[in-house]
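Presented below is the structure to which this report refers.
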Amino acid sequence: YFNREMKNHYSSSVLVGEHVYGFNSTVLTAMNLKSGEVAWRDRTVGKGSVTYADGHLYVYGEKGGVALVEATPSAYKEKSRFSIPSGEFNTWTPPVIANGLLYLASTSDDTLRAYDAATGKPVWHFIAGGPIRFAPQVDAGRLFFASDDGYVRCLDPATGKPLWTHSPLGTTTGRRA
């Protein structure tokens with residue numbers, strides 16, 4: 001089949017069971033992968049990114065809206081919602097889930113935030129020296145990200161405490177972990 005019901009802009013869709021969840025332009029859409037039939041649509045947070053974990057869709061809009069949605073094809077079922085500051089730049093980084101935490105990077109206020117993925121309560125935040133345009137990566141008990149200030153940083157993913165900062169120009173601060 002061919003249809004125009006899932007036109008992703010800057011973020012991929014996620015497959016959960018037989019359904020794909022993603023953004024058709026500014027509309028979060030659930031679509032049966034085999035038939036192409038749309039199960040539901042919702043404008044939720046506007047154009048954004050979606051990540052799947054633990055039976056939920058974590059939806060992050062380019063203007064800072066965040067929603068927790070049940071991953072079910074039966075209907076759009078939003079469980080919670082909050083917003084982070086937005087500014088002149090759209091945020092196009094996908095949400096990241098690891099070890100029970102939700103990580104959201106922002107190009108608007110140069111901040112990486114961690115939230116409890118179950119409750120949505122803030123855990124920590126780290127302000128970089130420039131916009132964070134790419135999703136952070138969590139591996140081996142460390143969180144890595146880069147920002148437009150030219151630095152790559154390694155943080156403790158549970159506390160946000162900096163472990164080290166490195167510049168491609170050769171400047172490194174902190175302990176190499």
Side-chain angles (χ1 to χ4, degrees), residues 1-122 128 130-139 143-148 157:
Y1 67 90
F2 173 83
N3 69 36
R4 297 182 185 269
E5 301 298 332
M6 189 67 73
K7 298 181 297 263
N8 296 149
H9 176 212
Y10 54 81
S11 181
S12 297
S13 298
V14 295
L15 177 63
V16 181
E18 294 182 359
H19 286 79
V20 174
Y21 300 87
F23 280 89
N24 182 19
S25 189
T26 61
V27 181
L28 182 63
T29 302
M31 183 176 77
N32 183 289
L33 182 62
K34 291 180 181 176
S35 69
E37 181 180 338
V38 172
W40 54 258
R41 293 182 180 101
D42 195 277
R43 292 203 178 272
T44 185
V45 298
K47 188 183 290 187
S49 299
V50 61
T51 298
Y52 171 80
D54 302 321
H56 295 95
L57 305 173
Y58 293 83
V59 184
Y60 187 18
E62 68 182 2
K63 299 295 184 192
V66 181
L68 178 66
V69 179
E70 189 176 327
T72 177
S74 63
Y76 176 83
K77 297 179 183 178
E78 186 173 295
K79 299 182 100 177
S80 64
R81 172 188 290 261
F82 64 91
S83 293
I84 63 171
S86 63
E88 67 177 293
F89 299 113
N90 291 331
T91 296
W92 291 353
T93 57
V96 174
I97 309 292
N99 304 316
L101 293 176
L102 164 65
Y103 300 99
L104 300 173
S106 175
T107 55
S108 298
D109 64 359
D110 311 343
T111 303
L112 178 61
R113 294 173 171 81
Y115 296 88
D116 183 299
T119 67
K121 292 184 180 179
I132 305 167
R133 300 186 192 279
F134 300 99
Q137 302 298 309
V138 180
D139 185 50
L143 182 144
F144 304 91
F145 75 98
S147 62
D148 281 7

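The chain is numbered in sequence order, starting from 1. Computed from a predicted structure; not experimentally measured.
Taken to the nearest 0.5 Å, the CZ atom of Phe145 stands 12.0 Å off from the OH atom of Tyr103. Glu62 CD to Tyr60 OH: the interatomic distance, rounded to the nearest 0.5 Å, is 11.0 Å. In this structure, Lys77 NZ and Leu68 CG are separated by 13.5 Å, a value rounded to the nearest 0.5 Å. Note that the CG atom of Asp110 and the CZ atom of Arg133 stand 9.0 Å from one another [nearest 0.5 Å]. Distance check, rounded to the nearest 0.5 Å: NE2 of His19 to CG of Leu33 gives 9.5 Å. Here the OG1 atom belonging to Thr91 is positioned 6.0 Å from the CD1 atom belonging to Ile84, to the nearest 0.5 angstrom.
Ser86 places no side-chain N or O within donor-acceptor distance of the main-chain N or O of Gly64, the cut-off being under 3.5 Å. Checked by atom type and distance alone, the side chain of Thr72 never pairs as donor or acceptor with a backbone atom of Glu70 at under 3.5 Å.
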Exercise. What's the verdict on side-chain contact (heavy atoms from CB on, under 4.5 Å) for Asn24 and Met31, showing C-alpha distance, side-chain angles and the deciding distance?
Worked result: CA-CA 10 Å; Asn24 182 19; Met31 183 176 77; over 6 Å; no
For this session: Carefully, step by step, assess Phe89 and Ser106 under the rule side-chain contact (heavy atoms from CB on, under 4.5 Å).
Result: CA-CA 9 Å; Phe89 299 113; Ser106 175; over 6 Å; no
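Across all non-hydrogen atoms, the minimal contact from Ala53 to Ile97 is CB-CG2, 3.9 Å. Of all non-hydrogen atoms in Leu57 and Tyr21, the two that sit nearest each other are CD1-CD2, 3.5 Å. Across all non-hydrogen atoms, the minimal contact from Ala135 to Thr93 is N-CG2, 3.9 Å. Residues Thr107 and Ile132 come closest through the heavy atom pair CG2-O, 3.3 Å. Minimum heavy-atom separation, Ala105 to Pro136: CB-CD, 4.3 Å. Among all heavy-atom pairs drawn from Met6 and Thr29, the shortest one is CE-O, 3.6 Å.
Taking the side chain as every heavy atom from C-beta outward, Val69 and Asp42 never approach each other to under 4.5 Å.
Crowding of Phe82 atom CZ: a count of heavy atoms from other residues, nucleotides or ligands under 6.0 Å exceeding 12. Within 6.0 Å of atom CD in Glu37, 12 or fewer heavy atoms from other residues, nucleotides or ligands are found, so the atom counts as exposed in its surroundings. When the shell of 6.0 Å around CD of Glu18 is examined, it contains 12 or fewer heavy atoms from other residues, nucleotides or ligands.
Between His56 and Tyr58, the two ring planes are perpendicular [angle over 60°; tilted spans 30° to 60°]. Ring orientation note: the planes of Trp40 and Tyr76 are nearly perpendicular, at an angle over 60° on the 30°/60° scale.
Between the side chains of Ser13 and Asn8, at least one donor N or O lies within less than 3.5 Å of an accepting N or O.
For Arg81, the salt bridge (charged side-chain N to carboxylate O under 4.0 Å, His left out) partners at least two apart in sequence or on another chain are Glu78.
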